[in-house]
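Order of the sequence lines sets the chain letters (A, B, ...), proteins ahead of strands, with each chain counted from 1.
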There are 2 protein chains.
Amino acid sequence: MAKGSVIIFAGPCTVVYEGRATSRLGVGERLVLIKKDRSILVHRPTGHEPVNWQPAGSMIDFLTENGLPVIRASNANELLKISFTAQPSLMVFDLRDTAEFEMYASEEDMKKAVLAKPSLVEPGFKPLEEERQVKRTGRVDILGLDALGRLVVVELKRKPATPEDVRQLSAYVESLNSEFGRKPRAILAAPSTTKAARREMEKTSVEFRCLTPRRCMQVLREAKGLDSYL
Amino acid sequence: MAKGSVIIFAGPCTVVYEGRATSRLGVGERLVLIKKDRSILVHRPTGHEPVNWQPAGSMIDFLTENGLPVIRASNANELLKISFTAQPSLMVFDLRDTAEFEMYASEEDMKKAVLAKPSLVEPGFKPLEEERQVKRTGRVDILGLDALGRLVVVELKRKPATPEDVRQLSAYVESLNSEFGRKPRAILAAPSTTKAARREMEKTSVEFRCLTPRRCMQVLREAKGLDSYL
DNA sequence: ACTTTTATTTCGCCG
DNA sequence: CGGCGAAGTAAAAGT
């Protein structure tokens, strides 16, 4: 992360973007942030997302047209052009920031929790493999055996399960059926389901298991506490 | 859009987020933008995405701890806390911005182009309905008939088609099969496909038709040119 | 208000 | 480097 200056232009401008799509924005007062890594953001007075932007590594040119500043940020396939219609204010900040950003309770954390405590899925569940590549279909979160020794595919979601999630899991079931000649059970573990997902599940024998990121965090903390004794 | 002030704090701070997940960020110099709609952004010196944020409508409190400013931005389930470790610089910008943001060549535009010139899908294609609701499955982009009078489901994508897209289209085929007792043809029109999507298509009789947003834009321009004569 | 879909998604991982 | 799935996705559109 290290350090770098951030330049802010504040003033009235028009914005044109040509690239993956095309956009036009008429005259209005905005903030333009340009960072040392040559990422650029155009912010309107509302909305937490920039109206236009260009990711890091763009080529940034500062031009003048009719005595007013113009910023061109371009890469191989995209062009962002910001034309000021009056002299903008200009500020420069030198920022030093070497801190590490840490995030917890991701879907990855949910998987760690299930591997640490498989009964989160159901009593007697035994994980065999994680992230198994299923032929021509994709990757399964966890593959394991249930208490009766039957193959189980587990899909983890940190948000309410959608019909999409159910279809994806069904596709895994079909592929594994082809591969092993036996239909595995399918368990979708998520904090909840949407109604449409429920309907999709009724059609496809996918089972639902309620599992929240919060519960997984608890398990991980307990597991970590145990680790410190080993 | 109208107008509103934007407040920028610049200075060293720590950031804590608790909500859908949990994050921690140690001391470093950052920019904090607060807009009139009470959206809030924390920007590090690099990266075009904010490291932490809170969407519009958050409750924002300005506090003081040990003589230094603390910003708390919270909503029902989430809390963002920014604690400065030295006096930050403070700037306020009053921005007036009423311009309309216009974006072209979206998936919607692709649909308009196909309706204006159905042969983009294939010669003899005749659209019947757009955005048809399919029972318990979702909405189909375009439903029509091919040159031989067979039912055709068309799905449009402005980006390379994924296995996800193929599965979704297959689900439509199944639903329409149940509904009409006849299996429709399925055409996925996109600028390209991923390899995995190709494999998925081989399994499911979904056909691919190359169609780029750029070509659609041309057609729309032509159609617009025609319109001006009518 | 809730669900579903889209996105110039961005980001990270893995082949 | 491309493909693929996740994201505190966010925001828009439909129900």
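Taking only side-chain atoms of Glu49(B), from C-beta outward, the nucleotide of dC11(C), dC4(D), dA10(D) with the closest atom is dC11(C). When the nucleotides dT8(C), dG5(D), dG8(D) are ranked by their closest atom to the side chain of Met103(A), dG8(D) comes out on top. Which of dT8(C), dC11(C), dC4(D) sits closest to the side chain of Thr194(B) comes down to dC4(D).
Between Arg167(A) atom CZ and dT5(C) atom C1' there is a gap of 11 Å when expressed in whole angstrom units. When rounded to the nearest whole Å, the span between CD of Glu107(A) and P of dT9(D) equals 10 Å. With rounding to whole Å, Glu155(B) atom CD is found 7 Å from dT6(C) atom P. In this structure, CZ of Arg199(B) is placed 17 Å from P of dG2(D), rounded to the nearest angstrom. Note: CG (Asp165(B)) to P (dC4(D)) measures 11 Å, nearest angstrom. Spacing between atom CG of Leu80(A) and atom P of dT9(C) amounts to 15 Å, rounded to whole angstrom units. Here the P atom of nucleotide dT8(C) and the CZ atom of Arg24(A) are 15 Å apart, to the nearest Å. Taking atom NZ on Lys35(B) and atom P on dA10(D), their separation rounds to 15 Å, with Å as the unit.
In terms of modelled atom types and a separation under 3.5 Å, the side chain of Thr22(A) and the main chain of Glu18(A) share no donor-acceptor contact. Between the side chain of Arg30(B) and the backbone N or O of Asp97(A) there is no donor-acceptor pair closer than 3.5 Å. Remark: side-chain polar atoms of Lys35(A) are paired, donor with acceptor, to backbone N or O of Arg44(B) under 3.5 angstrom. In terms of modelled atom types and a separation under 3.5 Å, the side chain of Asp37(A) and the main chain of Gly47(B) share a donor-acceptor contact. Using modelled atom types, one side-chain atom of Glu29(B) and one backbone atom of Arg96(A) make a donor-acceptor pair closer than 3.5 Å. Checking side-chain atoms of Arg209(A) against main-chain N and O of Val121(A) turns up a donor-acceptor pair under 3.5 Å. Between the side chain of Lys159(B) and the main chain of Pro191(B), no donor-acceptor pair closer than 3.5 Å is present.
Of the two residues contacting DNA chain C, namely Glu164(A) and Asn52(A), the nearest-nucleotide position lying further toward the 5' end is that of Glu164(A). Summary of the strand contacts: Ala197(A) and Ser23(A) both lie near DNA chain C, and taking for each the nucleotide with the nearest heavy atom, the more 5' one is attributed to Ala197(A).
Remark: Trp53(B) is in phosphate contact with dA10(D), judged by side-chain N or O atoms under 4.0 Å from OP1 or OP2. Note on His48(A): a side-chain N or O is less than 4.0 Å away from OP1 or OP2 of dA11(D). For dT9(D), the OP1/OP2 oxygens have a side-chain nitrogen or oxygen of Arg158(A) closer than 4.0 Å. At least one side-chain nitrogen or oxygen of Lys157(B) sits closer than 4.0 Å to the OP1 or OP2 atom of dT6(C). Applying the 4.0 Å criterion to OP1 and OP2 of dG15(C), one finds that Lys195(B) has every side-chain N and O outside that range.
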**Study point:** Test log, rule side-chain contact (heavy atoms from CB on, under 4.5 Å), inputs Ile71(B) and Phe62(B)
**Key:** CA-CA 5 Å; Ile71(B) 303 170; Phe62(B) 296 96; 4.0 Å; yes
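Using C1' as the reference atom, dT6(C) and dT10(C) are 14 Å apart when rounded to the nearest Å. Taking the P atoms as reference points, dC11(C) lies 16 Å from dA11(D), given to the whole Å. Comparing dT9(C) with dT5(C), their C1' atoms are spaced 13 Å from each other, to the whole Å.
Contact annotation for Lys111(A): no contact, since no heavy-atom pair falls under 4.0 Å across all strands. Among the atoms of the strands shown, none is found under 4.0 Å from any heavy atom of Pro160(B). Residue Glu78(A) is classed as a base contact, given a heavy-atom separation below 4.0 Å to a base. At the heavy-atom level, Lys159(A) lies under 4.0 Å from base atoms of the strands shown.
Remark: DNA chain D forms stems of 3 or more consecutive Watson-Crick or G-U wobble pairs, all pair distances under 3.5 Å, at C:1-7 with D:9-15, C:9-15 with D:1-7.
Proximity of Thr212(B) to Cys216(B): side-chain heavy atoms (C-beta onward) are nowhere separated by under 4.5 Å.
A donor-acceptor contact under 3.5 Å is formed by the side chain of Gln54(B) with the base of dG8(D).
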